[in-house]
Amino acid sequence: MSSRERLNSQDTEASRVRDAVSSAEIQEAVRQHYRFAVKRFALRSPLFVALAVLFMVSHTELLIPVGLVGILGTVYCLQMLARRAACTWLCSRAFRAYEAEFVPSVKKVRQEGGGVLFLLLGQERNPMWTMRAHKASRTGVWPKGIETGVWFAGDKLFGGAAFVPGSGELLIMQPNGWRLWAPERKNAGAERIARARRAGIRRLRIRRPVRVNG
């Protein structure tokens, strides 16, 4: 085997190892996010459940405020559990449907209420291609190390999922100008549309928070 062939073989093997490692990290990140969702629910919900039960068994009008806090708190905890699990599930679907590609840089654009992050992937600087993203953990802060690159699995027209190697966090994202690119998605071809459907990003999943004036 010549030196060039040996080097090519080593590069191919190194690439295969990197792909295998990144895939393993992504799978572990999915499991970690599911565990995080359950742990948060287990830590925060018992107090609210206890308050709700206390009100229901006491039948005391004085405890109505306590009961309301318990019921509303329990509903909120259930909603957050469902949202975290749904985001993680979408990320998992995207990584199964698409091959992960490393994007060497991410530009932070802005952050809005409800934990919505706006960003540009790679060398893209056209604001028309700004992505709207949710962290699977649904915590409203930027993932640590996201500026240095992410593993992205998806289609630019439909969106996809990203894995941040530095922090192990997952994000689900879709184009901010969703309606603007509707004609292109419609004409994207049967294969691309079918793959987006398998990934769960055929329709809009990430909506902007409603702003209330006044």
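Looking at residues two or more places apart in sequence or on another chain, you find no ring pair (Phe, Tyr, Trp, His ring centres under 6.0 Å) involving Tyr34. Under the rule for a side chain to side chain contact (heavy atoms under 4.5 Å, CB included), the partners of Leu62 that lie at least two apart in sequence or sit in another chain are Thr60. Every residue was checked against the side-chain hydrogen bond (donor to acceptor under 3.5 Å, both in side chains) condition with Lys107, not counting sequence neighbours, and none meets it. Residues satisfying the side chain to side chain contact (heavy atoms under 4.5 Å, CB included) criterion with Tyr98, sequence neighbours excluded, are Ala153, Asp155, Arg195, Ala196, Ala199, Ile201. Scored by the side-chain hydrogen bond (donor to acceptor under 3.5 Å, both in side chains) test, Glu101 finds no partners at all (sequence neighbours excluded). Residues passing the side chain to side chain contact (heavy atoms under 4.5 Å, CB included) test with Arg203, sequence neighbours excluded: Arg205. Annotation: side chain to side chain contact (heavy atoms under 4.5 Å, CB included) contacts of Glu28 (sequence neighbours excluded): Arg31, Gln32, Arg35.
Sorted by first and then second residue, the salt bridge (Lys or Arg N to Asp or Glu O under 4.0 Å) pairs involving residues 79-98 (not counting sequence neighbours) form an empty list. Within the structure, the ring-ring contact (aromatic ring centres under 6.0 Å, His included) test picks out the following pairs touching residues 169-193 (sequence neighbours left out): Trp129-Trp181. The stretch residues 65-94 participates, sequence neighbours left out, in no ring-ring contact (aromatic ring centres under 6.0 Å, His included) pair at all.
A side-chain donor-acceptor contact under 3.5 Å links Arg132 to the backbone of Asn176. Checked by atom type and distance alone, the side chain of Ser105 pairs as donor or acceptor with a backbone atom of Gly122 at under 3.5 Å.
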Does Gln111 form a side chain to side chain contact (heavy atoms under 4.5 Å, CB included) with Phe118? I'd like the steps, not just the answer. CA-CA 6 Å; Gln111 180 178 358; Phe118 295 83; over 6 Å; no
Evaluate the side chain to side chain contact (heavy atoms under 4.5 Å, CB included) criterion for residues Gln174 and Ile206: first the C-alpha distance (whole Å), next the side-chain angles of each, then the deciding distance (0.1 Å), finally the verdict. CA-CA 7 Å; Gln174 290 183 292; Ile206 306 171; 4.1 Å; yes
Would you sort out whether Leu117 and His134 count as a side chain to side chain contact (heavy atoms under 4.5 Å, CB included), showing the intermediate values? CA-CA 6 Å; Leu117 309 176; His134 266 313; over 6 Å; no
Check the pair Arg138, Met80 against side chain to side chain contact (heavy atoms under 4.5 Å, CB included), reporting the backbone distance first and the verdict last. CA-CA 8 Å; Arg138 298 306 293 262; Met80 291 306 300; 3.8 Å; yes
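Look at Glu184 and Lys186 and you find no salt bridge, because none of the NZ, NE, NH1 or NH2 atoms lies under 4.0 Å from a carboxylate O.
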Using a 3.5 Å cut-off and no angle test, enumerate the donor-acceptor pairs between side-chain atoms of residues 163-173 and protein atoms at least two apart in sequence or in another chain.
from: Ser167; atom 1: OG; to: Lys144; atom 2: O; distance (Å): 3.4
from: Ser167; atom 1: OG; to: Glu169; atom 2: N; distance (Å): 3.4
from: Glu169; atom 1: OE1; to: Lys135; atom 2: NZ; distance (Å): 3.0

Enumerate, atom names and distances included, each donor-acceptor pair closer than 3.5 Å involving a side-chain atom of residues 44-51, sequence neighbours excluded.
from: Ser45; atom 1: OG; to: Phe41; atom 2: O; distance (Å): 2.6

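The OG1 atom of Thr74 sits 11.5 Å away from the CD atom of Gln79 when rounded to the nearest 0.5 Å.
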